[in-house]
Amino acid sequence: MTEFKFNDTQLSIMQDLEVDVDLNRLEVAIRNNSIEELDDEELLALLKVVNALYRSGFPVVEDSLYDLYREAFASKHPNHPYITSVESEVLSSGKTVALPQKMLSTDKAYSKEEIEKWLDRILKAAEELNIDTKAIEIRVTPKLDGYAAYDDGERLYTRGDGVKGQDVSRAFERGLKVAKNGERGLGAGEIVIDKAYFEANLSQFFENSRNIQAAIIAEKNVDERVLEAINDGACVFYPFALIDDWVGSHVDLIADFENIIDKIWNAVGYDVDGVILEATDSLIKEHMGATRKFHRWQIAFKINDEAAEVEVISVTPQTSRTGRVTPVAELVPTRISGATISRVTVHHYNMVKTNGVGPGAILQIVRSGLVIPKIEKVIKPADPQIPESCPSCQSHLIWESDHLVCPNKSDCPAQTENTLVHFFKTLGNNDGFGPKNIEKLANLGIRH
């Protein structure tokens, strides 16, 4: 983020934040990933700006960096309302209404040791209540990176400031479904969009999935592509009550911590930025209570982003079911966040061309815990490696906006096979139709 400057969209979002500081100084802080030159008033303004832009779908710093900035401010002003209150969603100018139930933020931990300290507090509460600590169960769920909301069965509310939000029931009226074919009225949850659907159908139009989440509840002028995603079932309200989980003793949790976290982090096909751990015993929940900001019986486990500079070996084209050709950078194998990374998807071929992604290029790759790695920036460009023909059918490729596309819709093996794979994956109830068998069918002339 070497040349950061607020754009018009970001500036319009910031208009209602009551930020009365020099925005140029905030831009410099974001550009340099440093707050050393900011006074307390400027740091508070930076926190408000970063939070508002993130929740509107235009993040400008990584989550872990925001947490560091927030901790720096909290160390000086632990009782400031911004620190002790729920970080509010960005509200439009519409009327706010009281939520049926408070929606608090979640305290965060970044290491197993911090989780163990939190568990000690759970066990202490159990002892104070004369509850057998061996019977204490912990529930672990994915921490969805969506738009927080509450469904009481009649209305859908934004989280707002945790006490008051806005009625956005219009999202259900537009066709928004409850995940897993669930019923209405299951309380708190998140509005999310299927990651695979976003990448295949919307990534060329929207910078990230948070843009979609905000658009789903927009009061008017909803993008037609967002409405189509809702109709396709890609956008859902996912109640926490229905989400995949692991439930077990605190002893088993610590004994198999990494495997449990890995399994739950990857349990759903939506954006996830951590896992949530909570005590399940209602007496313990009541006894531990909450601060004005967090439930004490609940905590989020997140992993700081880890970056590495990696050399590109080659750029491999892959043809999708829509004919769009996706560039995949083959890398010198490098360990990041406990995993060996040897390839990473480049957003599109215009990025390859304009940023110089090719053999010998040096990329900065970022991986946040167990999440798929992404390219942060190109440190050293090289001659871009751009194909002229489809890797599957050898048809001449054409440019459509930022993308290279294979125009051979009727006789391209990759498009045929990927379309069939998508069909059976969407059905979800047919065994024996994996990629290998579908490849055999395509070789025998099956096209539809």
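Bear in mind the structure is a predicted one, so any value in this text is a computation, not a measurement.
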By side chain to side chain donor-acceptor pair (under 3.5 Å), S320 pairs with (sequence neighbours left out) T322
Among all residues two or more places apart in sequence or in another chain, which pass the side chain to side chain donor-acceptor pair (under 3.5 Å) test with N350?
-> D402
Y238 and Y270: aromatic ring centres closer than 6.0 Å?
-> yes
Would you list the pairs meeting salt bridge (Lys or Arg N to Asp or Glu O under 4.0 Å) in which at least one residue belongs to residues 71-83, sequence neighbours left out?
-> D40-K76
What pairs with [X] under side chain to side chain contact (heavy atoms under 4.5 Å, CB included), at least two apart in sequence or on another chain?
X    : value
V328 : Q318, E330, R343, T345
D383 : none
N79  : none
P387 : P317, Y349, L397, L404

Pairs under 3.5 angstrom only: tabulate donor-acceptor contacts from the side chains of residues 174-181 to other protein residues two or more places apart or in another chain.
unit_1	atom_1	unit_2	atom_2	d
R174	NH1	I216	O	2.8
R174	NH1	A218	O	2.8
R174	NH2	A218	O	2.5
R174	NH2	E219	O	3.4
K177	NZ	G175	O	3.1
K180	NZ	L242	O	3.0
K180	NZ	D244	OD1	3.1

Quick one: list whatever passes salt bridge (Lys or Arg N to Asp or Glu O under 4.0 Å) with [X], sequence neighbours left out.
X    : answer
D223 : R225
D194 : none
D271 : none

For F237, check ring-ring contact (aromatic ring centres under 6.0 Å, His included) against everything at least two apart and list the hits.
-> none
